[in-house]
Colleague: 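A single structure is presented below for examination.
To find a chain, count down the sequence lines: A is the first, B the second, and so on, and within it residues start at 1.
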Protein chains: 2
Amino acid sequence: MAAEQLLGAKPLYRQTRDLLVQRIVDGVWAPGEVLPSETQLAAELGVSQGTVRKALDEMTAERLVVRRQGRGTFVASLDDSRILFQFFKLIADDGEPRFPASRVLEVETMRGNPKARRALQLDPAAWVIAITRVRSLAEEPCVFEHITLPAAYFSGIEERPIPNNLYQLYAVDYGVTVGRATERLKAVAAGAPEADALGVAAGTPLLAIDRVATAIDGRICEWRVSLCRTDQVHYLSDLR
Amino acid sequence: MAAEQLLGAKPLYRQTRDLLVQRIVDGVWAPGEVLPSETQLAAELGVSQGTVRKALDEMTAERLVVRRQGRGTFVASLDDSRILFQFFKLIADDGEPRFPASRVLEVETMRGNPKARRALQLDPAAWVIAITRVRSLAEEPCVFEHITLPAAYFSGIEERPIPNNLYQLYAVDYGVTVGRATERLKAVAAGAPEADALGVAAGTPLLAIDRVATAIDGRICEWRVSLCRTDQVHYLSDLR
DNA sequence: CAGTGGTCTAGACCACATG
DNA sequence: ATGTGGTCTAGACCACTGT
């Protein structure tokens with residue numbers, strides 16, 4: 001064990017974490033499933049229970065697993081409440097976070113344009129799937145959204161019904177679990193298509209959110225540009 | 001110890017954390033200063049070294065302390081690099097995060113208006129200090145900023161030079177260490193004063209950032225509204 | 001009741017920084 | 001050489017969950 005650590009130059013608990021993460025990525029344990037107990041993992045991997053615990057504690061902090069006293073350790077799943085907490089930052093000015101309704105306008109398979117290829121880090125020849133939809137909060141259309149996916153990861157998705165919670169679809173049907181995302185925000189003037197879809201005048205200030213999402217295995221898996229009316233809604237960002 | 005834990009219903013490592021946090025709040029150890037070693041703290045508080053470690057690990061995660069192997073554990077300070085990382089999310093589209101230059105337009109002491117009193121949770125009669133400034137990135141004015149402070153926490157600040165890094169001033173001169181902040185973002189049309197200050201046409205879309213900052217002792221200590229041109233700059237938000 | 005995660009302890013050894 | 005935090009282990013006991 002000491003030798004392994006010297007060779008790897010990584011602490012044992014991190015090697016343990018990486019190994020467990022790899023198993024989740026490989027689908028050995030699916031989202032929502034229970035992992036073996038600390039004792040069992042420690043015995044199987046030949047490390048102490050404390051080391052397994054530290055690995056699992058890190059994975060808890062990364063939201064890869066959820067631990068419940070008396071029950072076990074479970075692979076985290078992207079259910080609505082987690083999406084709302086982690087990946088949906090638009091909130092009605094007066095209220096709680098709520099999941100928006102959505103109406104799909106178009107789904108299309110095409111060669112990625114240069115912007116999409118850059119965002120998704122794809123080859124020039126690569127195909128992408130483009131989804132356009134309008135999302136509403138409190139019956140009020142407020143987000144005009146373009147989603148671009150690498151066709152290689154999501155083949156056939158264009159023939160499925162597009163659910164409201166896309167990330168759960170990615171995870172359950174394609175084994176692509178979104179782990180984190182980077183958003184870049186700007187204020188822009190509404191152009192004709194989005195003004196139309198949102199029922200505002202062209203030129204109205206909109207919040208543009210440019211998101212690139214990365215799966216837990218490190219692959220970039222989605223590029224999404226959302227144009228949002230912010231007259232009744234705001235984007236919440238906690239600085240900790 | 002067992003008795004204390006049963007009474008408090010809080011685990012020992014959390015009690016230890018709370019006690020250490022209180023000492024930092026009280027100024028027993030100032031920002032940048034070194035804490036006693038784990039061994040010393042464990043002996044003084046009558047707990048094991050592992051418990052002190054767990055308390056300090058939590059405080060590290062909360063960015064209250066910084067630990068350096070071989071040197072010691074230090075109270076975190078709000079130096080420029082940390083501000084940039086934690087509290088300044090505007091970045092030039094092409095470049096790295098950089099600290100903006102700033103020019104103060106006005107400093108004023110007044111009775112808080114209703115909005116300010118609500119944001120800062122102050123009594124109707126309370127006084128506030130209002131600072132107006134313009135901040136520039138790459139020589140280009142891009143943020144028009146209104147800062148409102150409770151006069152009770154910052155008496156005399158209106159007679160000081162206003163430095164670029166305000167949070168360090170709060171911490172060093174007033175013992176108010178900002179620990180976290182909540183930002184609410186909207187896209188708005190530029191009004192006359194900010195259009196003028198930023199050199200854009202009235203009606204230009206601007207990113208409005210409404211921030212309420214809270215000190216490590218839980219007191220709300222600053223309300224700040226920033227109006228930002230986002231033609232060359234964006235707001236970065238990491239979703240983890 | 002048995003099995004799980006959560007807390008707490010004690011001690012050994014390693015890696016790093018400083019004098 | 002000394003002292004610091006970082007890693008790893010082993011074991012005890014508590015609190016919660018389901019049977």
Colleague: Does C:dG3 have OP1 or OP2 sitting under 4.0 Å from an N or O in the side chain of A:T39?
Modeller: no
Colleague: Round to a whole Å and report the spacing from CD of B:E38 to P of C:dT9.
Modeller: 13 Å
Colleague: Tell me: CG of A:L45 to C1' of D:dC8, nearest whole Å?
Modeller: 15 Å
Colleague: What contact category does A:R53 fall into here, base, sugar-phosphate, or nothing, at under 4.0 angstrom with non-hydrogen atoms?
Modeller: base
Colleague: Considering all heavy atoms of both residues, which atom of B:C221 and which atom of B:L149 are nearest to each other, and what is their separation?
Modeller: O-CD2, 3.7 Å
Colleague: Just do the side-chain contact (heavy atoms from CB on, under 4.5 Å) check on B:R133 and B:L166 with the steps written out, would you?
Modeller: CA-CA 12 Å; B:R133 64 177 179 176; B:L166 270 179; 3.9 Å; yes
Colleague: Starting from C1' on D:dT7, measure out to CG on A:D57 and report it in whole angstrom.
Modeller: 15 Å
Colleague: Counting only side-chain N and O atoms of B:R67, is one of them less than 4.0 Å from OP1 or OP2 of D:dG6?
Modeller: yes
Colleague: Atom CE of A:M59 and atom P of C:dG5: how far apart are they, to the nearest Å?
Modeller: 13 Å
Colleague: Starting at atom OH of A:Y13, determine the distance to atom C1' of D:dC8, rounded to an integer number of angstrom.
Modeller: 11 Å
Colleague: Going by ring-ring contact (aromatic ring centres under 6.0 Å, His included), B:Y170 matches just one of B:F87, B:Y153, B:F154. Which one?
Modeller: B:F154
Colleague: Could B:R17 and B:E62 be called an ion pair, given the rule that one side-chain N must be under 4.0 Å from one carboxylate O?
Modeller: yes
Colleague: Does A:Q40 use its side chain to pair, donor to acceptor, with the backbone of A:S37 at less than 3.5 Å?
Modeller: yes
Colleague: Using atom types as modelled and distance alone, determine if a side-chain donor or acceptor of B:D26 lies under 3.5 Å from a backbone N or O of B:V28.
Modeller: no
Colleague: Quick one: pull up CZ in B:R184 and NZ in A:K89 and give me the separation to the nearest 0.5 Å.
Modeller: 11.5 Å
Colleague: Give me, pair by pair, the N or O atoms of the protein and of nucleotides 17-19 of chain D that are less than 3.5 Å apart, along with how far apart they are.
Modeller:
none

Colleague: Looking only at side-chain N and O atoms, does B:T73 come under 4.0 Å of OP1 or OP2 in D:dG5?
Modeller: yes
Colleague: Please check the phosphate of D:dT9 (OP1 and OP2 only) for any side-chain N or O of A:T51 closer than 4.0 Å.
Modeller: yes
Colleague: What's the closest nucleotide to the A:Q40 side chain, out of D:dT7, C:dG6, C:dT4?
Modeller: C:dT4
Colleague: Taking 4.0 Å as the cut-off, does a side-chain nitrogen or oxygen of B:S37 come that near to OP1 or OP2 on D:dT4?
Modeller: yes
Colleague: Whole Å only: how far is the CZ atom of A:F74 from the C1' atom of C:dG3?
Modeller: 12 Å
Colleague: C:dG5 P sits how many Å from A:L35 CG, rounded?
Modeller: 9 Å
Colleague: Return the nearest nucleotide to the side chain of A:V47; candidates are D:dG5, D:dT9, D:dC8.
Modeller: D:dT9
Colleague: Within this structure, what is the CD-to-P distance between A:Q49 and C:dG3, rounded to whole angstrom?
Modeller: 14 Å
Colleague: Ignoring the backbone of B:K54, work out which of C:dT7, D:dC8, D:dG5 is nearest its side chain.
Modeller: C:dT7
